[in-house]
Amino acid sequence: MTRKELFKNTLRKSVHAWKLINELPLSDDESLMLRHFMDQPGFLDLHWRMFVPAIKGQGTEEQKQKWLPLANKMQIIGCYAQTELGHGSNVQGLETTATFDPQTDQFILHSPTQTSSKWWPGGLGKVSTHAVIYARLITDGKDHGVHGFIVQLRNMDDHSPLPGITIGDIGVKFGNGAYNSMDNGFLMFDKFCIPRDQMLMRLSKVTREGKYVPSDVPRQLMYGTMVSVRQTIVSNASIAMARAVCIATRYSAVRRQFGSQNGGIETQVIDYKTQQNRLFPLLASAYAFRFVGEWLKWLYTDVTQRLEASDFATLPEAHACTAGLKSMTTSATSDGIEECRKLCGGHGYLWCSGLPELFAVYVPACTYEGDNVVLQLQVARFLMKTVSQLGSGKAPAGTTAYMGRAKHLLQCRSSIRKAEDWLNPAMVLETFEARALRMAVSCANNLSKFENQEQGFSELLADLVEAAIAHCQLIVVSKFIVKLEGEIKGKGVKNQLKNLCYIYALHLIHKHLGDFLSTNSITSEQASLANHQLRSLYTQVRPNAVALVDAFDYTDHYLGSVLGRYDGNVYPKLFEEALKDPLNDTVVPDGYHEYIRPLIKQHLRSARL
Ligand SMILES: CCCCCCCC/C=C\CCCCC/C=C/C(=O)SCCNC(=O)CCNC(=O)[C@H](O)C(C)(C)COP(=O)(O)OP(=O)(O)OC[C@H]1O[C@@H](n2cnc3c(N)ncnc32)[C@H](O)[C@@H]1OP(=O)(O)O
Ligand SMILES: Cc1cc2nc3c(=O)[nH]c(=O)nc-3n(C[C@H](O)[C@H](O)[C@H](O)COP(=O)(O)OP(=O)(O)OC[C@H]3O[C@@H](n4cnc5c(N)ncnc54)[C@H](O)[C@@H]3O)c2cc1C
């Protein structure tokens with residue numbers, strides 16, 4: 001499809017999905033499933049996952065009563081317009097202004113510079129009638145920082161932009177189809193007025209007289225919509241990883257290369273230890289991210305209930321967990337999808353493998369909802385704060401509870417003696433805790449050598465990110481272990497999940513061996529025992545690998561991959577796909593007479609000379 005056709009077709013699908021949701025009707029969970037089967041980014045994502053939650057989280061009761069019924073029936077379509085051309089990560093650096101005019105009781109929205117243009121919001125370019133806009137609030141000449149506003153963008157009769165608004169699509173993005181179904185947009189305001197009651201005022205307010213009443217709750221609640229979406233992105237990482245792994249595993253069982261004895265059948269590539277060493281940790285990650293996603297959903301629900309009761313104590317941890325896990329799982333999944341493409345050899349590069357499109361549509365997850373490095377630095381700040389409070393009498397809780405055992409974890413030596421010890425959950429956990437704590441403490445010690453803490457933080461950014469990643473990996477490993485301790489139906493299933501859990505943990509040790517050795521969390525002998533155990537686990541997973549990806553229950557239609565077909569009938573179907581290509585409509589291609597023939601003729605002429 002051309003971009004225009006793709007965009008229009010996504011509109012068609014979205015509206016059809018919305019119709020089904022209402023007519024059947026579908027529950028919220030079923031609607032989310034439908035979104036996955038629709039399988040294309042579109043305006044519904046931003047409307048439901050960001051616009052509506054932003055109003056719910058930041059609007060007053062009156063604002064919710066006014067706007068939510070309209071949004072819930074999709075009589076208005078909204079998006080989330082925060083990022084600008086000049087600033088995305090640095091939210092406090094946004095430049096759009098919302099100046100209160102007491103004469104008219106309105107805010108005047110203005111884009112003072114080119115870099116202040118809104119740039120990137122999905123659904124903004126062509127579809128949305130409304131947006132939650134983030135702008136600097138100015139009253140009586142004073143800048144109160146960034147706040148949210150509900151703004152109508154387009155005329156409800158003919159969809160034209162309202163006077164004072166310039167709006168459009170930012171252009172083609174990475175990949176052929178991928179995210180190009182979405183109208184990520186730009187927007188500029190030229191002294192555009194909105195009534196005062198369209199500032200989202202649950203947190204802070206502006207009175208009729210123009211007095212600014214600051215929030216009596218943490219202003220970070222304004223970032224709540226991002227926390228909510230980051231949480232959903234973690235579960236989504238599992239879905240995307242599982243999809244790529246399903247394709248690569250099934251194809252690795254079909255594909256044969258080398259190893260024929262006396263003219264016999266060749267070896268299935270899945271039997272090569274190198275293939276297993278690249279593939280099975282990704283299979284394990286798909287399961288691991290699913291479990292940590294379930295736990296994160298629980299954490300998010302818990303913090304939401306606490307916030308409703310004005311208990312803000314766990315907000316920093318919820319922010320650190322959602323930011324860190326969003327970052328870690330999306331980076332691993334993007335890399336994992338690309339690894340699966342390579343695991344499928346040359347055919348993985350074909351569009352019909354399903355992997356190029358999956359990569360192109362997935363990879364911006366490393367950037368949207370917060371650049372992954374910027375988010376890990378938030379985790380690092382949280383860790384540095386926690387370490388600095390050790391010994392102050394305030395016991396670390398939740399995911400940093402292990403830091404409360406700092407005295408032990410800083411000096412303990414791993415008691416792994418034989419390869420099977422690596423199947424002991426307590427020993428594995430302690431290894432990850434020791435590594436994470438020692439990396440965080442090492443950063444804190446290095447930071448303390450700087451007179452200026454912020455300067456020290458800047459200097460140590462790379463180490464801080466590594467420490468944050470170590471902490472996030474510990475969370476994933478520990479939640480996998482907790483899952484295994486709970487009820488899992490079927491002994492066989494539990495054993496398989498145990499294998500995957502240890503593969504997940506041990507491959508991380510292998511991958512980040514430098515961290516584990518340099519922090520003395522393990523010795524080089526224990527590292528080689530881990531490798532030995534890993535190989536043995538691969539052997540145990542191998543006979544069940546295809547069943548473990550079949551368990552994801554993805555249909556062939558959803559996978560969209562010739563290589564990942566359930567029936568394994570890959571080669572005939574590759575031919576079928578190839579023959580469908582428009583280039584094969586004719587035997588002699590268009591352009592032959594114009595370019596190829598004259599070239600060959602010229603060659604023949606010069607050969608004769
Ligand atoms: C086939 C298709 C398949 C698709 C499947 C569909 C499912 C996909 C799921 C969802 C789809 C969604 C679509 C995505 C669309 C994308 C949308 C966007 O990208 S919206 C824009 C997102 N923007 C960002 O994320 C910006 C990143 N920056 C920030 O968040 C922050 O500014 C910051 C970098 C975190 C902080 O910067 P700064 O230090 O300047 O912060 P301050 O404002 O000064 O605050 C400092 C203190 O506040 C704490 N903090 C920061 N953020 C939060 C928070 N969210 N909650 C709680 N606390 C927070 C911070 O830790 C500081 O604390 P202290 O150190 O002072 O204690
Ligand atoms: C597909 C897609 C959809 C999007 N949808 C929306 C949307 O609906 N609404 C919306 O408002 N926005 C949206 N965005 C914007 C998105 O949220 C931002 O692009 C994202 O937050 C990253 O910000 P940035 O572009 O400013 O990156 P930058 O911050 O400019 O990042 C550039 C580089 O600088 C590094 N860097 C930046 N700051 C630091 C630092 N302090 N320390 C160390 N390194 C740093 C980063 O790691 C990165 O390598 C979307 C983006 C994409 C790609």
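Both ligands and their constituent atoms are indexed starting at 1 by order of listing. Note: hydrogens, waters and symmetry copies are ignored here, and every other heavy atom, side chains too, is used.
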Do ligand 2 and Gly88 have nitrogen or oxygen atoms that lie under 3.5 Å from each other?
yes
Where on Glu369 is there a heavy atom closer than 4.0 Å to ligand 1, on the side chain, on the backbone, on both, or on neither?
both
Using a 4.0 Å heavy-atom threshold (strictly under), name the region of Asp39 that reaches ligand 1: side chain, backbone, both or neither.
both
What do you reckon, does Gly370 have a nitrogen or oxygen under 3.5 Å from a nitrogen or oxygen of ligand 1?
yes
Can you list the ligand 2 atoms lying under 4.0 Å from a non-hydrogen atom of Tyr179?
1 (C)
Measuring to protein heavy atoms, does anything land under 4.0 Å from atom 41 (N) of ligand 2?
no
With sequence neighbours excluded, give me every salt bridge (charged side-chain N to carboxylate O under 4.0 Å, His left out) pair touching residues 359-372.
none
Side chain of Glu5, backbone of Thr2: donor and acceptor closer than 3.5 Å?
yes
Can you tell which part of Thr83 has a heavy atom less than 4.0 Å from ligand 2: side chain, backbone, both or neither?
both
Which protein heavy atom lies closest to atom 35 (C) of ligand 1, and at what distance to 0.1 Å?
Gln378 CD, 3.3 Å
Evaluate Arg230 for polar contact with ligand 1, using N/O atom pairs at a separation under 3.5 Å.
yes
Ala81 to ligand 2: N or O pair under 3.5 Å?
no
Geometric N/O contact Tyr179 with ligand 1, under 3.5 angstrom:
no
Has Asp45 got any heavy atom lying under 4.0 angstrom from an atom of ligand 1?
no
So which of Trp120, Phe457, Phe51, Phe174 gets nearest to atom 53 (C) of ligand 2, if we judge by its closest heavy atom?
Trp120
Which of the numbered atoms in ligand 2 are below 4.0 angstrom from a heavy atom of Asn184?
3 (C), 4 (C), 5 (N)
Ligand 2 contact on Leu46 by region, counting heavy-atom pairs under 4.0 Å
side chain
Flag: protein heavy atom within less than 4.0 Å of atom 33 (C) of ligand 2
no
Would Tyr368 count as being in polar contact with ligand 1, using the rule that some N or O on each side must be under 3.5 angstrom apart?
no
Who passes salt bridge (Lys or Arg N to Asp or Glu O under 4.0 Å) against Arg35, sequence neighbours left out?
Asp45
A student checking ligand 2 against Tyr80 at a 4.0 Å heavy-atom cut-off should list atoms 7 (C), 8 (O), 9 (N), 10 (C), 11 (O)
Cation-pi, Tyr566 ring and Arg250 (6.0 angstrom, 45 degrees)
no
Would you mind checking which non-hydrogen protein atom is closest to atom 65 (O) of ligand 1, with the distance to 0.1 Å?
Lys385 NZ, 3.6 Å
Students should be able to answer this: which protein heavy-atom is nearest to atom 63 (O) of ligand 1, and at what distance?
Gln220 NE2, 4.6 Å
What part of Leu221, side chain from CB on, backbone N/CA/C/O, both or neither, has a heavy atom under 4.0 Å from ligand 1?
neither
For Phe43 together with His47, are the ring centres under 6.0 Å from each other?
no
